[in-house]
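Chain identifiers are assigned alphabetically (A, B, ...) following the order of the sequence lines, protein sequences preceding nucleic acid strands; residue numbering begins at 1 within each chain.
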There are 2 protein chains.
Amino acid sequence: MTSSSAALSSSPSSAAASEGIAAAAIRRLTALTPLADADLTLLDTAADRALTYPVRHTFQTIGRPVADPLLLLQGWAARVRILPDGRRQFMSFYLPGDVIGSTHHAHPIASATVVAITECVACPAPAAPAGSGLAQAYAVGEALDEAYLLGHVVQLGRLNAQERISDFLLEIYERLSLAGLTVGGSFEMPLTQEMLADALGLTPVHVNRMIQQARRDGDLMWKSGRVLLRDPERTARTIGRLSPQVTGTQTMPQARVD
Amino acid sequence: MTSSSAALSSSPSSAAASEGIAAAAIRRLTALTPLADADLTLLDTAADRALTYPVRHTFQTIGRPVADPLLLLQGWAARVRILPDGRRQFMSFYLPGDVIGSTHHAHPIASATVVAITECVACPAPAAPAGSGLAQAYAVGEALDEAYLLGHVVQLGRLNAQERISDFLLEIYERLSLAGLTVGGSFEMPLTQEMLADALGLTPVHVNRMIQQARRDGDLMWKSGRVLLRDPERTARTIGRLSPQVTGTQTMPQARVD
DNA sequence: CGCTACTTTGATAGTGCTCAACCGGTGTGG
DNA sequence: CCACACCGGTTGAGCACTATCAAAGTAGCG
């Protein structure tokens, strides 16, 4: 039953068994695609086997076989790569409702290390019957994953520091909204500025300065682990962020595509 | 039979029917995983329906439904995103043996635009029988795709201009090697320096300067669309590049993973 | 109360960008 | 056959954004 055993750091403590522990994850999955009662039952059952993982727990390690997929119920995890000289890059983040280590088939070697950013609660991702809503939800989730990854590439390649921060926070805001984890435009941000820097390809110092400027400009509030975006939609338009939801209806400038 | 019809730019011209047109792609797929005769037959048959696509052909457009998957036989294609103000970012490249628009299931909306960088020859990707070598090859190919995408994130986030160029060329070198498209350490590079800049998050001018410096340092030769890397392995070690092949055996520094 | 981790500030350096022009090859049309 | 246009590569000068180094300020916590 213990899905991921050999952890480098500390190992998962036995589960917290309270109900509703999977609420956010379920909200997020149903937001992706409608789920039938059978799907919800699967999820509830799986949630009974949820475990709590401490901060820094390593879900999977680059170059080692991936374990069975986990459905993240609470907390944040991240895919990270550390260079030999210590430089660190966060490649993506897992939020409640995301599946860690989903591997439809493919070779079982992890292409990235996944660590818990905060304390996490996760359960084995229930196998989805072919054609079920749950299967569809997984599929959409994976597609979104890739879309976010592509977005991250654009962000790192072509946005300046200010834009990267806005774009990142907007993405998180969007994703947490799906899970019902935002309150009046604000949300919990467990990342330190240093981690944010390592996600955005910047220096902690510079991230700090840009955040302060955004604060001065009245674009955001960020205090004690909670972020409030003043006008998400305006900001999104300003930096030309295309949210996955909107993607479907948005056209690209025809200009240079060669 | 015409897999992708409504092209923004010019449309595919009817096929070149010569044999061996799929040689590179087949070499690459067999390098990923052993293929049975049945698989090879499937590929050969599919190759008969190959079409030639002109430069700038749009295989899929962001926000629009994806067509059936294509197996790229010859040429380069790329996933690209253009920002409203004209900034351009190449997110990944497709080389011979890669599948364009593979979508196991998932929602049919393209999360990126895919265009032909050079003239391309491609055929419908033959459906792989479950459990076949071909299915395995597809799976491994997709896993590699993601690994390269993750690598691209690290590259953009944490490598300097010099390192990005080296890393990129090494990746291409590796990938072309699998398809048998390298000759004595050299390979064809159809990208202009401007396109390279848009892949690496740099300016064409700066790319040019870094390339010249690499030339002066004796690290590479680049003339009339052909690149020769002097000592790929040394360079790879220098910038700490972990090639997917090696990934399986390499360990990460334990240091900071929090 | 003293840690420890995180944020903030200042001063300075440097990598990579911008703007602008020039060069060299190639293709095309007069 | 040569002039012209065009594209990609090259060069120069100056600047901006972001990094670096170092230290001080804050907040949560045992």
Return the value, rounded to whole Å, for the distance between atom [atom1] of [X] and atom [atom2] of [N].
X	N	atom1	atom2	result
A:N208	C:dT7	CG	P	8 Å
B:Q212	D:dG8	CD	P	17 Å
B:M189	D:dG9	CE	P	9 Å
A:K223	D:dA27	NZ	P	7 Å
B:L220	D:dG9	CG	P	14 Å
B:M195	D:dC7	CE	P	13 Å
B:Q213	D:dT10	CD	P	14 Å
A:I117	C:dA5	CD1	C1'	15 Å

A:R215 side-chain N/O to C:dT8 phosphate OP1/OP2 under 4.0 Å: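 True: A:R215 side-chain N/O within range (under 4.0 Å) of C:dT8 OP1/OP2.
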Throw together a table of side-chain donor-acceptor distances under 3.5 angstrom for residues 216-224 of chain A, partners on residues two or more places apart or in other chains.
unit_1: A:D219; atom_1: OD1; unit_2: A:R234; atom_2: NH2; d: 3.3

B:R28 side, atom CZ; B:L73 side, atom CG - distance, nearest 0.5 Å: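 B:R28 CZ to B:L73 CG: 12.5 Å, rounded to 0.5 Å.
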Distance-only check: which donor-acceptor pairs under 3.5 Å involve side-chain atoms of residues 199-207 of chain A, not counting sequence neighbours?
none

Comparing B:L191 and A:S224 on DNA chain D - which has the more 5′ nearest nucleotide: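 Final value for this comparison: B:L191.
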CD/A:E188: more than 12 non-hydrogen atoms of other groups inside 6.0 Å: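 No - once you tally the heavy atoms of other residues, nucleotides and ligands closer than 6.0 Å, there are 12 at most.
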For nucleotides 11-17 of chain C, print each protein N/O atom paired with a nucleotide N/O atom at under 3.5 Å, atom names and distance only.
unit_1: C:dA11; atom_1: N6; unit_2: A:R209; atom_2: NH1; d: 3.4
unit_1: C:dG16; atom_1: OP1; unit_2: B:A161; atom_2: N; d: 3.0
unit_1: C:dC17; atom_1: OP1; unit_2: B:T203; atom_2: N; d: 3.4
unit_1: C:dC17; atom_1: OP1; unit_2: B:T203; atom_2: OG1; d: 3.3
unit_1: C:dC17; atom_1: OP2; unit_2: B:T203; atom_2: N; d: 3.2
unit_1: C:dC17; atom_1: OP2; unit_2: B:T203; atom_2: OG1; d: 3.0
unit_1: C:dC17; atom_1: O5'; unit_2: B:T203; atom_2: OG1; d: 3.0

Whether B:R64 side chain and B:A110 backbone form a donor-acceptor pair below 3.5 Å: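 The answer is no, because no donor-acceptor pair under 3.5 Å joins these two groups.
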Option from A:E163, A:E233, A:E174, A:Q155 for which side-chain contact (heavy atoms from CB on, under 4.5 Å) with A:R241 holds: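 Option passing the side-chain contact (heavy atoms from CB on, under 4.5 Å) with A:R241: A:E174.
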